[in-house]
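To start, the structure itself, in structure tokens.
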Amino acid sequence: GGGKKYADMRAADTFGFWCKKSVPIPGVQANPRNRVPFGVDDAHFAIAAISVPATNDDGVVFEATKSDDVRFSELSLAGGHPQASWVDANNQTVQIVAPSALAPGVPAVVALTSAAGAQSLRVNGQSVASAGATFAPSVLDSLLIGSGFVSYYPRAGFGGDVYAVVAGKGAPTVAELQGLERYLAA
């Protein structure tokens, strides 16, 4: 932790944090106030300051999901490599992976951005992978840190430390992203 506050997600039985939200239901609750502010198809971003105990960690860092379906926007690790993944309501799947694994015990900032035709994965303030998809409308109902939940099933977390996570709707400029990344890194 280096004297900084953090959530330790290393224990085998750790699930992480889950914020369940409402979804629009036509004729019942068409526009609920307590909802995930973006869908897979909307411009959005997620930034996480983390550290990993080993070079081969796997699992979810941050996930915005429709917990009873297979649709999500996610930051995760695969063999220690940061990756960003999206699955929309039509099951279109996009995954981009960083070429390098994170160094164990060294805090890192990983980020995803997505807008129509432009997805990006960033590590420590640098764009390391991109894609060019446009997603179908895909409402989400949950935000999770350190674990995931897709189609009624939990998904394992990455098993490291989480210092901070910021996620939101919109397409920040590179300068705005860099400012947020520096803030989380501090």
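Keep in mind that what you see is a predicted model, and the values were worked out from it rather than measured.
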Legend entry - Contact check, side chains of Val150 and Val87, non-hydrogen atoms, under 4.5 Å: no
Inset, instruction - Show your reasoning for whether side chain to side chain donor-acceptor pair (under 3.5 Å) applies to Trp18 and Ser147. - result: CA-CA 8 Å; Trp18 185 350; Ser147 60; over 6 Å; no
Inset, instruction - Could you go through the side-chain contact (heavy atoms from CB on, under 4.5 Å) check for Phe45 and Val166 one step at a time? - result: CA-CA 8 Å; Phe45 64 94; Val166 174; 3.9 Å; yes
Inset, instruction - Could you tell me whether the side chain of Leu121 reaches within less than 4.5 Å of the side chain of Val97, counting heavy atoms only? - result: no
Legend entry - More than 12 heavy atoms of other groups within 6.0 Å of Glu176 CD: yes
Legend entry - Heavy-atom side-chain proximity of Arg35 to Val23 below 4.5 angstrom: no
Inset, instruction - Keeping the roles fixed (side chain from Asn124, backbone from Ala108), state whether a donor-acceptor pair exists under 3.5 Å. - result: no
Legend entry - Nearest non-hydrogen partners of Gln178 and Gly125, listed with the distance: NE2-O, 4.3 Å
Legend entry - For Ser151 against Val70, the heavy-atom pair lying closest together: CB-CG2, 3.7 Å
Inset, instruction - Please tell me if the side chains of Leu75 and Pro82 come closer than 4.5 Å, counting only heavy atoms from C-beta onward. - result: no
Inset, instruction - Indicate yes or no for a side-chain donor-acceptor contact from Ser120 to the backbone of Thr113 under 3.5 Å, with no hydrogens or angles considered. - result: no
Inset, instruction - Group every Ile, Leu, Val, Met, Phe, Trp and Tyr by side-chain heavy-atom contacts under 4.5 Å, then state whether Phe62 and Val123 land in the same group. - result: yes
Legend entry - Ser73, Ser130, Ser85, Ser114 screened by side-chain contact (heavy atoms from CB on, under 4.5 Å) with Gln119, the one that passes: Ser114
Legend entry - Cluster check Val36, Val60: I/L/V/M/F/W/Y, side chain < 4.5 angstrom: no
Legend entry - Cluster link Val165 to Phe38, ILVMFWY, side chain under 4.5 Å: yes
Inset, instruction - Would you mind reporting whether Cys19 and Ser142 have side-chain heavy atoms less than 4.5 Å apart? - result: no
Inset, instruction - May I ask you to test the Leu140-Val40 pair for a side-chain heavy-atom distance under 4.5 Å? - result: yes
Legend entry - Exercise: identify the closest heavy-atom pair between Gly117 and Thr134: N-OG1, 3.3 Å
Legend entry - Euclidean distance, Asp161 CG relative to Lys5 NZ, rounded to 0.5 Å: 15.5 Å
Inset, instruction - First locate atom CG of Asp57, then atom NE2 of His81, and finally report the distance between them rounded to the nearest 0.5 Å. - result: 11.5 Å
Inset, instruction - For Phe15, look at atom CZ and say whether over 12 heavy atoms of other residues, nucleotides or ligands are found less than 6.0 Å away. - result: yes
Inset, instruction - State plainly whether one hydrophobic cluster holds both Phe17 and Phe158, where clusters connect Ile, Leu, Val, Met, Phe, Trp and Tyr through side-chain heavy atoms under 4.5 angstrom apart. - result: yes
Legend entry - Verdict with supporting geometry, Ser67 and Asp141, side chain to side chain donor-acceptor pair (under 3.5 Å): CA-CA 7 Å; Ser67 57; Asp141 70 4; 3.3 Å; yes
Legend entry - Arg155 charged N/C atom sitting above Phe72 aromatic ring, 6.0 Å / 45°: yes
Inset, instruction - Find out whether Leu112 and His44 are in side-chain contact, i.e. whether some heavy atom of one side chain is under 4.5 Å from a heavy atom of the other. - result: yes
Legend entry - Sidechain-backbone polar pair: Thr65 side chain, Phe149 backbone, donor-acceptor under 3.5 Å: yes
Legend entry - Whether Arg71 side chain and Val139 backbone form a donor-acceptor pair below 3.5 Å: yes
Inset, instruction - Measure the CG-CG distance between Asn91 and Asp69 for me, rounded to the nearest 0.5 Å. - result: 9.0 Å
Legend entry - Connected via hydrophobic side-chain network under 4.5 Å: Leu143 and Phe135: yes
Inset, instruction - Measure across Ala98 and Val128 and return the closest heavy-atom pair with its distance rounded to 0.1 Å. - result: CB-CG2, 3.8 Å
Legend entry - Asp88 side chain to Asn90 backbone, donor-acceptor under 3.5 Å: yes
Inset, instruction - Heavy atoms only: give me the nearest Pro137-Ala89 pair and the separation to one decimal. - result: O-CB, 3.5 Å
Inset, instruction - Answer yes or no: is there a donor N or O on one side and an acceptor on the other, between the side chain of Asp58 and the main chain of Gly79, under 3.5 Å? - result: yes
Legend entry - Least distance between heavy atoms, Pro24 atom then Pro32 atom: CA-CD, 3.8 Å
